[in-house]
Novice: 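I'd like to ask some things about the structure below.
Only a predicted model underlies this, so the values are computations on that prediction, with no experimental measurement involved. What's counted below: heavy atoms across the whole structure, side chains too, no hydrogens, waters or symmetry copies.
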Amino acid sequence: MPEHHQRVVLDGIDWRETLPFLRIFRAFSMALWPHRLLLSLLLVLLLYLGGTAMDFAWQKAVNPHELQAYERYDAQRYAEWLQQVGTDGRTDYIFETLVKQQVAAFERLIVSATNLDFGLSDLAAGMGADSGGVIGALADMAVKIPGWLYATHPGFLIIYLLYAFALTTLIGTAISRLAALDACRSEHISAFVALRFALSHWVQAMLVWLIPLGIVVIIKLVLALAGLIFFNLPGLNILGGVLYGLFLILGFFAAIFLIGLALGMHILIPAISVEATDAFEVLGRAFNYVLGRFWRYLFYTATMIVYGALTYLMIGLIVFSTIWMTRSCLSMGVLEAADGSTRLDAVMPDPAWGELLAESDWDQLNRTETITAAIVMVWNRLLIAILPAFAISYYFNAHVWIYLLLRRSADLVEFDEVYTEPDPDELPPPAHEKIEPEAE
């Protein structure tokens with residue numbers, strides 16, 4: 001008997017419903033929406049201007065080899081090194097050095113992510129903060145570089161962190177609100193409406209970070225007081241040993257809060273923007289989603305990092321090509337000197353891939369050329385600022401999707417559920433106002 005082969009034709013598969021994590025890829029196009037990109041650019045400019053103003057206040061207070069010495073030596077040897085070099089070798093600004101180091105670490109993060117090198121083997125080998133790959137770059141950005149700044153210039157770090165924290169929570173909430181309405185309802189509001197929402201929830205957005213940190217600080221103070229009481233007196237140290245189990249429990253809770261905050265802090269502001277609720281409920285959701293859906297969260301985060309690195313390189317290529325093409329076309333109309341050089345070479349150096357912020361040769365410029373070079377540098381830096389602005393916008397847009405994916409997995413809440421502001425025209429009238437019945 002002839003065999004009858006049945007063919008199954010698959011048509012119209014909703015891949016985003018079949019593989020929900022593919023929704024994270026929408027973060028790229030969402031991040032490029034003008035309102036979100038302009039808010040991110042505003043955040044970059046404000047952070048840069050604030051740090052530059054602090055540099056003028058602190059003046060040159062950094063030795064060029066200070067961070068390398070901090071990485072190489074322990075705390076005591078580093079303090080001795082600072083005394084040996086003295087103040088004569090401090091030729092760099094604090095914020096300028098901070099930006100250079102953070103940019104270098106971020107570039108290592110991009111390269112590692114595109115190579116799918118997360119540094120897990122180094123971490124498993126016990127290298128910790130010295131591991132390479134994505135984990136090592138993140139450790140440099142979040143631990144090593146701030147640790148150096150805290151050890152050497154604590155006042156600068158505290159003031160700038162407070163400034164950056166207040167700005168980032170405000171503008172980040174606005175960007176996340178724009179992303180949340182776009183992701184859930186394909187609704188687009190103005191940047192001013194998003195900022196008004198962020199202002200009304202600004203306190204909760206800051207408390208959601210400060211509450212777990214405050215709990216950890218309280219536990220540390222309690223343990224420090226216990227150490228002072230029980231481990232300094234000969235008679236009480238035995239009681240301290242008996243109570244050590246209780247101290248371990250307190251340390252356990254402090255560690256859980258720190259781990260939960262380190263993992264879940266990225267979805268705190270998106271949760272505020274989606275739910276518009278108080279800080280305690282947001283913390284409960286974040287801890288539940290991240291710890292309860294831990295492997296999903298790691299997979300979503302890894303997907304976001306790799307895809308973000310690839311799209312960042314594409315945006316970087318566009319920015320580089322724009323500067324290179326503009327300069328190349330301008331140079332065609334500039335007269336050459338006998339040695340083949342032009343005045344444009346000093347005013348606007350030829351850009352190189354990986355070194356977009358090329359400095360002009362200021363010593364070779366006259367007064368008008370110096371002014372021209374300064375203006376050109378400002379325009380170029382504004383264009384280059386699109387790169388960190390895109391990174392910030394992508395970060396918040398992607399984490400809105402990660403929050404929505406975790407919420408759906410944990411609470412079975414659909415993607416289209418998001419808090420919306422009540423329409424003033426639909427609100428009931430105040431109780432003291434009487435509604436006159438219509439005449440029949």
Side-chain angles (χ1 to χ4, degrees), residues 22-50 99 102-103 105-107 109-110 113-114 138 141-142 164-199 201-202 205 265-274 300-320 322 356 381-405 418:
L22 294 177
R23 296 173 185 267
I24 297 175
F25 295 158
R26 278 197 60 198
F28 169 65
S29 59
M30 291 169 61
L32 292 176
W33 271 80
H35 289 163
R36 273 158 265 180
L37 198 60
L38 286 175
L39 283 174
S40 301
L41 185 59
L42 175 64
L43 178 58
V44 170
L45 293 178
L46 290 176
L47 292 176
Y48 180 80
L49 292 175
V99 170
Q102 289 285 11
V103 168
F106 184 75
E107 289 175 350
L109 170 67
I110 296 298
T114 53
L138 289 174
M141 296 173 66
F165 173 68
L167 277 178
T168 303
T169 52
L170 176 63
I171 300 180
T173 303
I175 297 171
S176 298
R177 180 61 178 172
L178 291 167
L181 291 175
D182 187 3
C184 297
R185 296 195 170 191
S186 297
E187 181 180 339
H188 302 287
I189 59 176
S190 68
F192 295 104
V193 175
L195 283 172
R196 188 173 61 207
F197 173 89
L199 278 172
H201 296 83
W202 195 8
M265 66 180 184
H266 308 286
I267 62 173
L268 294 178
I269 290 181
I272 290 282
S273 302
V274 173
Y300 295 155
T301 302
T303 302
M304 179 207 72
I305 291 175
V306 174
Y307 183 62
L310 293 174
T311 55
Y312 180 87
L313 288 176
M314 188 181 73
I315 299 297
L317 178 61
I318 294 174
V319 171
F320 168 77
T322 300
L356 296 177
R381 294 200 173 191
L382 282 175
L383 177 62
I384 295 169
I386 291 177
L387 285 171
F390 166 76
I392 291 172
S393 180
Y394 174 82
Y395 170 86
F396 286 110
N397 280 269
H399 278 102
V400 165
W401 275 116
I402 290 177
Y403 173 79
L404 294 174
L405 288 166
V418 60

Novice: Let me confirm one number: the CZ-CG distance from F320 to L387, rounded to the nearest 0.5 Å.
Specialist: 12.5 Å
Novice: Distance from L404 atom CG to H399 atom NE2, nearest 0.5 Å?
Specialist: 12.5 Å
Novice: Take the angle between the ring planes of Y307 and Y394 and call it parallel below 30°, perpendicular above 60°, tilted in between.
Specialist: tilted
Novice: Hey, are the side chains of T114 and V306 touching, using non-hydrogen atoms and a 4.5 Å cut-off?
Specialist: no
Novice: Sort out for me which residue in L195, I269, L199 forms a side-chain contact (heavy atoms from CB on, under 4.5 Å) with T173.
Specialist: I269
Novice: Quick one: does any side-chain atom of R177 pair with a main-chain N or O of S273 as donor and acceptor, under 3.5 Å?
Specialist: yes
Novice: W401 versus M304: any side-chain heavy-atom pair under 4.5 Å?
Specialist: no
Novice: Can you confirm whether I272 sits close enough to S176 that some side-chain heavy atom of one is under 4.5 Å from a side-chain heavy atom of the other?
Specialist: no
Novice: Does any part of the side chain of L42, heavy atoms only, come nearer than 4.5 Å to the side chain of L46, both counted from C-beta?
Specialist: yes
Novice: Can you give me the closest heavy-atom contact between A179 and N397, atom names plus distance?
Specialist: CB-OD1, 3.1 Å
Novice: I'd like to check L178 versus V193 (side-chain heavy atoms, cut-off strictly below 4.5 Å). Are they in contact?
Specialist: no
Novice: List the atom of I386, the atom of L41, and the distance in Å for their closest heavy-atom pair.
Specialist: N-CD1, 4.4 Å
Novice: Between D182 and R26, is a side chain to side chain contact (heavy atoms under 4.5 Å, CB included) present by the stated rule, with each step listed?
Specialist: CA-CA 10 Å; D182 187 3; R26 278 197 60 198; 3.5 Å; yes
Novice: If you round to the nearest 0.5 Å, how far is CD1 of I315 from CG of L37?
Specialist: 8.5 Å
Novice: Hey, does V400 have a side-chain heavy atom less than 4.5 Å from the side chain of I175?
Specialist: no
Novice: When rounded to the nearest 0.5 angstrom, what distance separates CG in L382 from CG in L45?
Specialist: 6.5 Å
Novice: Return the minimal non-hydrogen interatomic distance between R36 and H188, and the atom names on each side.
Specialist: NH2-ND1, 3.8 Å
Novice: Side chains of F197 and F192: does their closest heavy-atom pair fall under 4.5 Å?
Specialist: no
Novice: If you take all heavy atoms of A164 and T168, which pair is closest and at what distance?
Specialist: O-OG1, 2.7 Å
Novice: With no hydrogens and no angle check, is any side-chain donor or acceptor of W202 less than 3.5 Å from a backbone partner on A166?
Specialist: yes
Novice: Given the rule in the side chain to side chain contact (heavy atoms under 4.5 Å, CB included) test, do Y300 and Y403 qualify, once you have shown the distances and angles that lead to the verdict?
Specialist: CA-CA 10 Å; Y300 295 155; Y403 173 79; over 6 Å; no
Novice: Can you tell me if Y395 and H266 form a side-chain donor-acceptor pair at under 3.5 Å?
Specialist: yes
Novice: Any chance you could lay out the side chain to side chain contact (heavy atoms under 4.5 Å, CB included) test for L317 and L313, step after step, and finish with the verdict?
Specialist: CA-CA 6 Å; L317 178 61; L313 288 176; over 6 Å; no
Novice: Hey, is the main chain of A389 close enough, under 3.5 Å, to the side chain of S393 for a donor-acceptor pair?
Specialist: no
Novice: Can you label the angle between the F106 ring and the Y312 ring as parallel, tilted or perpendicular, going by 30° and 60°?
Specialist: perpendicular
Novice: How close do A385 and V44 get, heavy atom to heavy atom, and via which atoms?
Specialist: CB-CG1, 4.4 Å
Novice: Mind listing the closest non-hydrogen atom pair of A191 and H35 along with its distance?
Specialist: N-ND1, 3.9 Å
Novice: Under 4.5 Å between any side-chain heavy atoms of L43 and L39, yes or no?
Specialist: no
